[in-house]
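We number each residue from 1, following the sequence as shown. These numbers come from a predicted model, not from an experiment.
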Amino acid sequence: MHELSVTQSLVDMVLEEAEKREVKKVTKVTVVIGELTGLESESIKFYFDILSENTVAEGAELTFKIIKAQFKCRQCGTIFERSNFTFNCPVCGGVGVLVNKGKEFYIESIEVE
């Protein structure tokens, strides 16, 4: 259900931008999602198709760019992506802390006719 409200906001933003620019048809929307948001792209696509019906965004292609979370090792400072469900640094084995990457959710681009 989280995706429904998020997707409603997404559709609202797309329609608002389309109206500002007097666009007749939105053809593609690219969305950036961080892996730590917990949002599922398939659910967003499902809701987008429903919520955009009878609007200029109906039938628009929805594409996603997934951003991996990054961590910084407290011991050696290495920036790394988590693997195998561990937060340990692949260089020295120290514990990593979250760097501000992986929580993104925004519209990267809107293509129109």
Side-chain angles (χ1 to χ4, degrees):
M1 287 305 281
H2 183 121
E3 281 83 355
L4 175 59
S5 60
V6 166
T7 308
Q8 181 65 64
S9 298
L10 179 77
V11 170
D12 290 346
M13 284 188 270
V14 169
L15 296 178
E16 185 179 314
E17 289 302 316
E19 186 176 329
K20 279 185 203 172
R21 291 163 175 75
E22 299 178 3
V23 168
K24 296 196 184 321
K25 180 74 180 153
V26 174
T27 57
K28 183 177 179 180
V29 179
T30 302
V31 178
V32 176
I33 301 176
E35 115 181 273
L36 297 177
T37 63
L39 297 171
E40 293 291 331
S41 59
E42 288 303 314
S43 295
I44 293 172
K45 170 118 180 63
F46 173 78
Y47 289 125
F48 184 87
D49 289 344
I50 293 170
L51 296 169
S52 65
E53 282 181 0
N54 301 317
T55 70
V56 295
E58 182 175 3
E61 178 185 359
L62 194 59
T63 62
F64 299 94
K65 290 185 178 178
I66 308 299
I67 304 296
K68 293 282 221 173
Q70 287 187 337
F71 299 85
K72 182 176 182 178
C73 178
R74 287 183 172 182
Q75 207 165 330
C76 71
T78 298
I79 303 291
F80 62 96
E81 292 179 356
R82 179 175 58 126
S83 64
N84 300 327
F85 301 104
T86 180
F87 297 97
N88 293 339
C89 175
V91 175
C92 72
V95 176
V97 294
L98 183 64
V99 177
N100 275 341
K101 194 147 186 158
K103 297 180 180 176
E104 299 84 350
F105 182 70
Y106 59 88
I107 298 171
E108 182 179 80
S109 64
I110 301 171
E111 294 180 23
V112 300
E113 285 183 352

Considering all heavy atoms, the nearest Ala18-Val26 contact: CB-CG2, 4.1 Å
Transitive ILVMFWY side-chain link Met13 to Val23, under 4.5 Å: yes
Side chain to side chain, Ile44 and Ile33, heavy atoms closer than 4.5 Å: yes
Ser5 backbone acceptor or donor facing Ser9 side chain under 3.5 Å: yes
Which side-chain N or O atoms in residues 106-113 pair as donor and acceptor under 3.5 Å with protein atoms at least two apart or in another chain?
unit_1	atom_1	unit_2	atom_2	d
Glu108	OE1	Lys65	NZ	2.7
Glu108	OE2	Lys65	NZ	3.3
Ser109	OG	Thr30	OG1	3.4

Derivation of the side chain to side chain contact (heavy atoms under 4.5 Å, CB included) call for His2 and Leu39: CA-CA 8 Å; His2 183 121; Leu39 297 171; 3.2 Å; yes
Donor-acceptor pair, side chain of Ser52 and main chain of Phe48, under 3.5 angstrom: yes
Side chain Glu3, main chain Glu40, donor-acceptor under 3.5 Å: yes
Transitive ILVMFWY cluster of Phe80, excluding itself - 4.5 Å side-chain cut-off: Leu36, Phe71, Phe87, Leu98
Heavy-atom check, side chain of Val29 versus side chain of Val31, under 4.5 Å: yes
Lys25, NZ atom: more than 12 neighbouring heavy atoms under 6.0 Å: yes
Contact check, side chains of Thr63 and Glu61, non-hydrogen atoms, under 4.5 Å: yes
Under 3.5 Å donor-acceptor, Glu58 side chain and Asn54 backbone: yes
Heavy-atom pair with the smallest gap, counting every atom of Leu15 and Ala57: CD2-CB, 4.1 Å
Nearest-0.5 Å distance, CD1 of residue Ile67 to CD of residue Glu35: 10.0 Å
Side chain to side chain, Gln8 and Leu4, heavy atoms closer than 4.5 Å: no
Any Lys72 side-chain heavy atom under 4.5 Å of Thr78 side chain: no
Side-chain touch Val97/Arg74, heavy atoms, less than 4.5 angstrom: yes
Pair Lys45 + Glu42, salt bridge at N-O below 4.0 Å: no
same_hphob_cluster(Val32, Val11) at 4.5 Å side-chain heavy-atom cutoff: no
